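Below you'll find the structure, written out as structure tokens, and then a few comments.
Just so it is clear, the model here is predicted, and its values are computed rather than measured. For ligands, and for the atoms within them, numbers begin at 1 and follow the listed sequence.
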Amino acid sequence: MEVFDSPDSAREYVGSFRSRGQTVGFVPTMGALHEGHLSLVHSARSCDVAVASIFVNPTQFGPTEDLEKYPRTLDADLEKLRTAGVSAVFVPTKEQMYPDGFSTWVESPRIGETLEGICRPGHFRGVATVVLKLFQALPATHAYFGKKDYQQWRVIEAMARDLNVGTEIIGCETVREADGLALSSRNRYLSENDRERALLLSAALNQVEKSYVSGEARTEILQIQMRELLLGQQPTATNTLSDASGTVPRLDTLDYATIVSAEDLTPLTSIDRPVVALIAGSIGTTRLIDNRELQRI
Ligand code: PAF
């Protein structure tokens with residue numbers, strides 16, 4: 001497996017396949033790789049060649065967020081990518097991505113202005129900028145993003161379309177632990193007790209899906225149900241996550257629990273098109289997000 005740190009050598013490598021008419025599948029990451037990332041690599045391997053990048057992008061972290069603390073596990077990550085069948089990895093330094101004098105930004109498309117865009121001002125500007133820069137270094141035919149970061153996937157789709165990037169953006173299903181917890185590099189911050197509470201997110205999504213499948217289509221009602229479960233306001237008897245002492249778990253903060261159009265993330269009164277339920281909240285200092293595309297089976 002080749003490891004490049006300069007954008008020019010990465011571009012030359014990808015170009016050598018593209019000039020022969022071959023497809024190149026790209027998985028951008030910030031490292032701290034888990035099975036979720038490896039499932040993206042698995043999808044990328046349907047192309048003639050799979051490439052990846054590892055770069056903890058400072059411009060997508062807010063001033064009070066966990067940039068310094070973000071897990072950095074480069075050697076283990078490279079080994080995982082090698083074993084998963086990646087042919088080349090781009091691992092730039094901060095100076096290569098943001099040299100002195102850097103001053104050109106990609107503003108977030110409109111779809112990034114709600115939800116995470118409100119909770120994390122500037123986040124999608126940093127994401128859109130770095131992803132466009134990564135696409136310049138690795139001009140792949142296809143790029144793979146996890147739907148766990150649902151809004152991010154939609155932001156990148158819109159950015160690639162609006163700026164004629166020419167790389168097909170593919171959203172891939174979230175990978176979960178057996179008990180439903182969505183895989184995330186940030187899960188490693190959770191204590192055993194906090195990890196139990198983190199299950200509230202998938203439990204709320206299961207519950208909302210069940211209500212929807214049973215016929216409830218009013219988003220206000222479905223959102224109230226999610227919020228009550230996430231904030232420990234449901235009666236203990238109906239809360240399967242309560243412990244033997246009857247303590248009902250709750251998130252420490254809930255940023256949103258909402259149901260919006262899956263296509264453009266706009267709010268709806270009643271479900272009359274494909275929708276996604278999205279949740280963001282914190283347990284201690286760890287911020288967690290999760291979502292579910294609701295289907296009436
Ligand atoms: O999802 C991530 O890991 C990052 O936001 C991405 C897309 C690699 C951009 O830094």
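For atom 7 (C) of ligand 1, the closest non-hydrogen atom on the protein side is Q152 NE2, 3.5 Å.
The pair D255-R287 meets the salt-bridge criterion, with a side-chain N (NZ, NE, NH1 or NH2) lying under 4.0 Å from an Asp/Glu carboxylate O. Of the charged side-chain nitrogens involved, at least one lies within less than 4.0 Å of a carboxylate oxygen, so that D290 and R176 count as a salt-bridged pair.
Contact annotation for T29 and ligand 1: only backbone heavy atoms (N, CA, C, O) come within less than 4.0 Å of the ligand.
Counting atoms of ligand 1 from 1 in the listed order, those under 4.0 Å from a heavy atom of Q60 are 4 (C), 5 (O), 9 (C), 10 (O). Heavy-atom contacts of V130 reach the following atoms of ligand 1: 9 (C), 10 (O) (cutoff under 4.0 Å).
A ring-centre distance under 6.0 Å is not found for Y13 and F90.
The aromatic rings of F145 and F135 sit perpendicular, their planes meeting at an angle over 60°, well past the 30° parallel limit.
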